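Atom set for the values below is all heavy atoms of this structure, side chains included, hydrogens, waters and symmetry mates excluded. As the structure is a computational prediction, the values presented were derived from the model and not from experiment.
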Amino acid sequence: MTNVSDPLEILIAHNLWATRNIIEACAGLSEEQFHKPFEMGPGSLHATTTHILGALRGWTDMLAGREARPRLEADNLRRTPADLLTLLEEIAADFAAIAKAHPLDQPVNAIRGGKSYTFLRGQVLTHVTTHGMHHRAQCLNMLRHLAVNPLPKSSVLEWILSQ
């Protein structure tokens, strides 16, 4: 994997690796810590990691041209980190397959908040992976507040060096 130079391949592989690292770090927390409210992001490590996966699945459904499944966040289930890791593997594999199946300059349509949008596939793929990075940074801050040390690796450079 160290010879990967295609930005799409890097974004997809890094997104999976970094999200997995964050969720695996959560596995060492108590249930109380995993659900502890913070005044950032969706509000807890559970809510934030669930949101990352929900958004990834939602955008993947849109890229695949299929009806959007209900958002993971909407069911209010208290998932464990192990549950989330299982979902991550499934959702990330679907995302990677759909991301690579069509040209990046192909338009896709989405309805968000009752409004119709047209995006290029490359725009959506970039949004999805940087959206995950944004929320993983919030998770790192929450983990820091919970005195997790060392913090999980999550940057692209750390991914490159880990290969």
Side-chain angles (χ1 to χ4, degrees), residues 1-64 66-101 124-163:
M1 192 62 87
T2 54
N3 292 328
V4 173
S5 62
D6 180 325
L8 178 60
E9 293 286 342
I10 293 167
L11 288 169
I12 291 169
H14 168 263
N15 191 60
L16 171 60
W17 174 84
T19 304
R20 184 187 300 123
N21 287 350
I22 293 290
I23 296 172
E24 285 176 349
C26 293
L29 301 174
S30 68
E31 184 175 352
E32 179 183 345
Q33 290 173 313
F34 190 46
H35 293 274
K36 177 181 173 60
F38 289 94
E39 291 190 19
M40 66 184 88
S44 71
L45 284 158
H46 175 269
T48 305
T49 53
T50 300
H51 172 72
I52 292 168
L53 299 184
L56 183 59
R57 187 172 84 167
W59 283 102
T60 301
D61 286 345
M62 189 271 296
L63 287 169
R66 59 186 174 227
E67 186 173 333
R69 291 169 280 182
R71 290 294 293 237
L72 292 176
E73 306 93 317
D75 63 20
N76 293 315
L77 290 178
R78 288 177 69 95
R79 293 177 175 89
T80 65
D83 295 334
L84 292 171
L85 283 170
T86 299
L87 280 170
L88 171 64
E89 297 302 325
E90 172 190 314
I91 294 167
D94 189 26
F95 173 71
I98 297 299
K100 298 171 191 177
V124 173
L125 297 169
T126 303
H127 165 71
V128 169
T129 54
T130 58
H131 172 264
M133 187 176 294
H134 167 78
H135 286 298
R136 286 189 299 271
Q138 293 170 338
C139 290
L140 287 172
N141 198 12
M142 292 178 209
L143 290 165
R144 184 178 298 110
H145 282 13
L146 293 171
V148 170
N149 189 15
L151 291 171
K153 295 179 189 243
S154 65
S155 76
V156 174
L157 183 57
E158 288 169 319
W159 172 78
I160 293 167
L161 294 173
S162 75
Q163 300 303 298

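- Under the salt bridge (Lys or Arg N to Asp or Glu O under 4.0 Å) criterion, Lys153 pairs with no residue at all, not counting sequence neighbours.
- Residues passing the side chain to side chain donor-acceptor pair (under 3.5 Å) test with Ser155 are Glu158, sequence neighbours excluded.
- In this structure, Cys139 and Thr48 have side chains that are in contact, with non-hydrogen atoms separated by less than 4.5 Å.
- Residues Trp59 and Ile98 are not in side-chain contact: their nearest non-hydrogen atoms beyond the backbone lie 4.5 Å or more apart.
- Formation of a donor-acceptor pair under 3.5 Å by the Glu9 side chain with backbone atoms of Ser5 is not found in this model.
- Checked against salt bridge (Lys or Arg N to Asp or Glu O under 4.0 Å), Glu73 has the following partners two or more places apart in sequence or in another chain: Arg71.
- Every residue two or more places apart in sequence or in another chain that forms a ring pair (Phe, Tyr, Trp, His ring centres under 6.0 Å) with His131 is listed here: His51, His127, His135.
- If you take CG on Leu146 and CE on Met142, they are separated by 9.5 Å, rounding to the nearest 0.5 Å.
- Applying the side chain to side chain donor-acceptor pair (under 3.5 Å) criterion to Asp75, with sequence neighbours excluded, gives Arg79.
- Qualifying salt bridge (Lys or Arg N to Asp or Glu O under 4.0 Å) partners for Asp94, counting only residues two or more places apart in sequence or in other chains: Arg66, Arg69.
- The minimum heavy-atom distance between Leu151 and Arg144, with the atom names listed, is CD1-NH2, 3.5 Å.
- For His14, the side chain to side chain donor-acceptor pair (under 3.5 Å) criterion is met by no residue, not counting sequence neighbours.
- When all heavy atoms are compared, the tightest approach of Thr19 to Asn15 is OG1-O, 2.8 Å.
- Using a distance-only test at 3.5 Å, with no hydrogens or angles considered, no donor-acceptor pair links the side chain of Thr50 to the main chain of Ala47.
- By the salt bridge (Lys or Arg N to Asp or Glu O under 4.0 Å) test, Glu31 is found to be paired with Arg78, residues two or more places apart in sequence or in another chain being considered.
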Checklist entry - Hey, mind stepping through Ile23 and Ile52 against side-chain contact (heavy atoms from CB on, under 4.5 Å) and telling me if it holds? => result CA-CA 11 Å; Ile23 296 172; Ile52 292 168; over 6 Å; no
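- Scanning all heavy atoms of the two residues, the minimum distance from Leu140 to Ser154 falls at CD1-OG, 3.2 Å.
- When all heavy atoms of Ala99 and Ile12 are compared, the pair lying nearest together is CB-CD1, 3.7 Å.
- Taking the side chain as every heavy atom from C-beta outward, Thr80 and Phe34 never approach each other to under 4.5 Å.
- For His145, the side chain to side chain contact (heavy atoms under 4.5 Å, CB included) test picks out Phe38, Met40, Asn141, with sequence neighbours left out.
- Not counting sequence neighbours, Thr49 has no partner by the side chain to side chain donor-acceptor pair (under 3.5 Å) test.
- Atom CG of Leu29 and atom NE2 of His46 lie 12.5 Å apart (nearest 0.5 Å).
- Between Pro152 and Asn21, the closest heavy-atom pair is CB-O, 3.5 Å.
- Note that CG of Leu125 is 7.5 Å distant from OG1 of Thr129, once rounded to the nearest 0.5 Å.
- Taking the side chain as every heavy atom from C-beta outward, Lys36 and Leu45 never approach each other to under 4.5 Å.
- Residues passing the side chain to side chain contact (heavy atoms under 4.5 Å, CB included) test with Leu161 are Leu157, sequence neighbours excluded.
- For residues 82-93, the pairs satisfying salt bridge (charged side-chain N to carboxylate O under 4.0 Å, His left out) are Arg20-Glu89, with sequence neighbours left out.
- Glu24 contributes atom CD, which lies 12.0 Å from atom CG of Leu84 (distance to the nearest 0.5 angstrom).
- In this structure, the separation between CG on Leu87 and CG on Leu53 is 6.5 Å, given to the nearest 0.5 Å.
- In this structure the side chain of Leu63 never reaches within 4.5 angstrom of the side chain of Val128, judged on heavy atoms.
- Closest approach of Leu16 and Ala92 over heavy atoms only: CD1-CB, 3.7 Å.
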